[in-house]
Amino acid sequence: MPVSRRGLLAGTAVAGAALAVPGTASAASPSSGAQFGDTLSDKILPNDARYQDLVLRGTNRRFVGTPQYARVIRSTADAVAAVQDAVRNGKRIAVRGGGHCFEDFVDSSDIEVLLDMSTFDAVTWDQQYRAFSIGAGATLETVYKDLFYGWGLTVPGGGCLGVGVGGHFSGGGYGPLSRKFGSVVDHLYGVEIVVVDAHGRARSVVATRDNAYRDLWWAHTGGGGGNFGVVTRYLMRSAGASGRAPAESLPKAPAALRATVLAYDWKTTTEAGFTRILRNWFDFFEQHNTADSPYATLYAPFILAHTTAGGFLLSTQLDANVPNSAGLMDAFNAAMMAGVPDPKPRLIDQGVGPFLNLTMQRSIADTPNAQRGKYKAGYLRKGYSDAQIQAIHRGLTDSKYKGPGSSLLLVPYGGKVNTVPSNATASAQRNVMAKMVLAAGWDAAGEDKMHLDWLRKMYEEIYKDTGGAPVPNAVNAGSYINYPDADLADPAHNKSGVPWHDLYYLGNYPRLQQVKAKWDPRNVFKHKLSIEPR
């Protein structure tokens, strides 16, 4: 599905590899080290030809780190040795998966050691844990292809295929199938992770929802990346699944998708028309937000680009095999156009196509031209007020701002997500209907102030009544840690008096602090919005 710039919608071993002998790790399991060996990878120094490629993998070019060295992690044992070496020498560590972090959590000036996970990307069935093992360096494209071609399965991850699972999964990843199947973390059975104890000793542990390390598993069901250690692989098996067979362990992928696009022209869109357009979208998803709704598989991100882009799009997909899918799609598009002044948006019927083929066509596999950027977000329990919609309209039509690469994205959420108690996972937002992402993207460093000023002003006006932040109330439910925004920790921008961690984690933050104190007592793994040990 089309996405706004910078991969906002967020999200290789041979597929269908043979099962391992029961009671052992999979022959291709990342934890075995069989593919690369268990020796510590070499230090890649600034004079090494590989160095620049590794430090420039981040997609937000506002931040480019200068670590003393990088290591390419090839096995869990390799990760243990790399962490131990850095801790022994008092070095600040950062871990990179796909490189899509919106803030400088990896590319910060104080980072001395960069651990790159990108080659650690195997997707296999682990017979020992009766779960799919996914290397933390895998991208969503790798995961989707391997699961689908190997077993006809999927996970409800993001729509930007270049996103790495390393941060996406642990932050509570979501995507086009989440209203039907829940958050990614609702299918997380365990993590293999390298942690550091109070004595500075690095070791790997496997924490699952069934074993003695359940607290560490829980922290990775939405606690966010870079907090507790170095995740080397994820074990995926849906809650309630036995793991008796791979084909029964994760959601079945749709056989086909039906897709349409509504294209709106800014030249013919008035403020009143814009308000009606957004009200239609909000009203629809408020009314169709249950797990058993016939619209549970409908995904319709609204990409509201700035006027300098010329127009904006509503891109919709629906499982083509649900009963009366054509009628459901027609009814949805009719609801989106109800009461909208003429001329109506242009309806583009993209027909029906195979699930993975259409997903690849409508997604961004990677970000070919990295930009500078800034992102701000919020959860919605219900639609914005007319005053908030008018604030969005003012920002997107600001004639003094030239930002064709900037947009506000509305993404449907909820459904199956809302059937899980807020404390069952670290992802606390379980009574919502949508997410909002405000994004600015540009190329020249000299334009930083213009874009940052526009973005911050618009966000603060949207949340004017709650101190410039999405303070939980009848409409808001805080924000999403995978869209990190350091401004929420700055009282100059967040005037609500509600601390950043309560916006991201709601009531789950104290428990996350306890897990942090237990598993990372030396606070080895930290960044600007990291969890503080309690």
Side-chain angles (χ1 to χ4, degrees), residues 9-11 155-158 168-189 209 214-215 217-225 227 236-241 250-251 282 284-293 295-299 301 377-384 410-437 466 469-484 488 498-515 531:
L9 294 181
V155 291
H168 182 68
F169 282 10
S170 63
Y174 79 101
L177 297 176
S178 286
R179 281 165 37 83
K180 177 66 174 178
F181 296 124
S183 168
V184 170
V185 297
D186 299 331
H187 306 273
L188 177 64
Y189 176 72
R209 59 174 173 248
R214 192 177 191 278
D215 60 338
W217 160 83
W218 179 87
H220 285 86
T221 60
N227 277 307
M236 305 301 294
R237 189 214 306 164
S238 300
L250 286 173
F282 288 134
F284 183 89
F285 286 105
E286 284 183 34
Q287 295 163 15
H288 300 90
N289 194 28
T290 59
D292 59 354
S293 166
Y295 285 103
T297 66
L298 185 137
Y299 182 69
Y379 281 100
L380 285 80
R381 289 186 169 128
K382 58 186 295 186
Y384 287 135
L410 294 171
V411 189
Y413 196 51
K416 182 71 171 180
V417 170
N418 293 346
T419 65
V420 178
S422 62
N423 61 356
T425 64
S427 294
Q429 287 85 357
R430 296 290 185 166
N431 60 340
V432 293
M433 51 80 70
K435 300 193 188 195
M436 181 279 288
V437 194
T466 53
V471 175
N473 57 21
V475 174
N476 309 317
S479 194
Y480 175 46
I481 193 59
N482 276 357
Y483 298 149
L488 292 179
V498 178
W500 67 268
H501 47 75
D502 286 354
L503 296 172
Y504 285 116
Y505 301 116
L506 305 184
N508 285 340
Y509 187 65
R511 185 176 173 186
L512 286 166
Q513 288 184 289
Q514 292 175 348
V515 178
I531 294 164

Within this structure, what is the [atom1]-[atom2] distance for the pair [X] and [Y], rounded to the nearest 0.5 Å?
| X | Y | atom1 | atom2 | value |
| --- | --- | --- | --- | --- |
| His501 | Ile531 | NE2 | CD1 | 10.5 Å |
| Thr221 | Trp218 | OG1 | CH2 | 6.5 Å |
| Asp186 | Phe181 | CG | CZ | 12.0 Å |
| Lys382 | Met433 | NZ | CE | 10.0 Å |
| Met236 | Phe169 | CE | CZ | 4.5 Å |

Shortest non-hydrogen contact from [X] toward [Y]:
| X | Y | answer |
| --- | --- | --- |
| Pro412 | Leu410 | CD-O, 4.1 Å |
| Asn508 | Ala426 | ND2-O, 3.3 Å |
| Ser170 | Gly225 | OG-N, 3.4 Å |
| Gly157 | Pro176 | O-CD, 3.3 Å |
| Ala469 | Leu503 | CB-CD1, 4.0 Å |
| Ala291 | Ala296 | O-CB, 3.6 Å |

Trace of the side chain to side chain contact (heavy atoms under 4.5 Å, CB included) decision for Lys180 with Tyr299: CA-CA 10 Å; Lys180 177 66 174 178; Tyr299 182 69; over 6 Å; no
From CA spacing to verdict: side chain to side chain contact (heavy atoms under 4.5 Å, CB included), Ser183, Tyr413: CA-CA 9 Å; Ser183 168; Tyr413 196 51; 4.1 Å; yes
Just by distance, do the side chain of [X] and the backbone of [Y] share a donor-acceptor pair under 3.5 Å?
| X | Y | value |
| --- | --- | --- |
| Asp502 | Pro499 | no |
| Ser479 | Ala377 | yes |
| Glu286 | Gly383 | yes |
| Asp215 | Val515 | no |
| Arg237 | Tyr189 | no |

Residues two or more places apart in sequence or in another chain: which of them pass ring-ring contact (aromatic ring centres under 6.0 Å, His included) with [X]?
| X | value |
| --- | --- |
| His288 | Phe284, Tyr295 |
| Tyr384 | Phe282 |
| His187 | none |

Plane angle bin for Tyr483 and Tyr480 - parallel if under 30°, tilted between 30 and 60°, otherwise perpendicular: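 The arrangement is perpendicular - the two ring planes meet at more than 60°.
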CA sep, side-chain torsions, deciding dist, call: Thr297, Arg179, side chain to side chain contact (heavy atoms under 4.5 Å, CB included): CA-CA 6 Å; Thr297 66; Arg179 281 165 37 83; over 6 Å; no
Residue pairs, two or more places apart or on separate chains, that pass salt bridge (Lys or Arg N to Asp or Glu O under 4.0 Å) and touch residues 471-483: none
Partners meeting side chain to side chain contact (heavy atoms under 4.5 Å, CB included) with Thr466 (sequence neighbours left out): Tyr463, Val471, Asn473, Asn476
Pairs where residues 416-426 contributes a residue and the test side chain to side chain donor-acceptor pair (under 3.5 Å) is met, not counting sequence neighbours: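 Output for this query lists Thr425-Arg430.
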Worked check of side chain to side chain contact (heavy atoms under 4.5 Å, CB included) between Tyr505 and Leu512: CA-CA 9 Å; Tyr505 301 116; Leu512 286 166; 3.4 Å; yes
pair Tyr174-Lys435: side-chain heavy atoms closer than 4.5 Å: yes
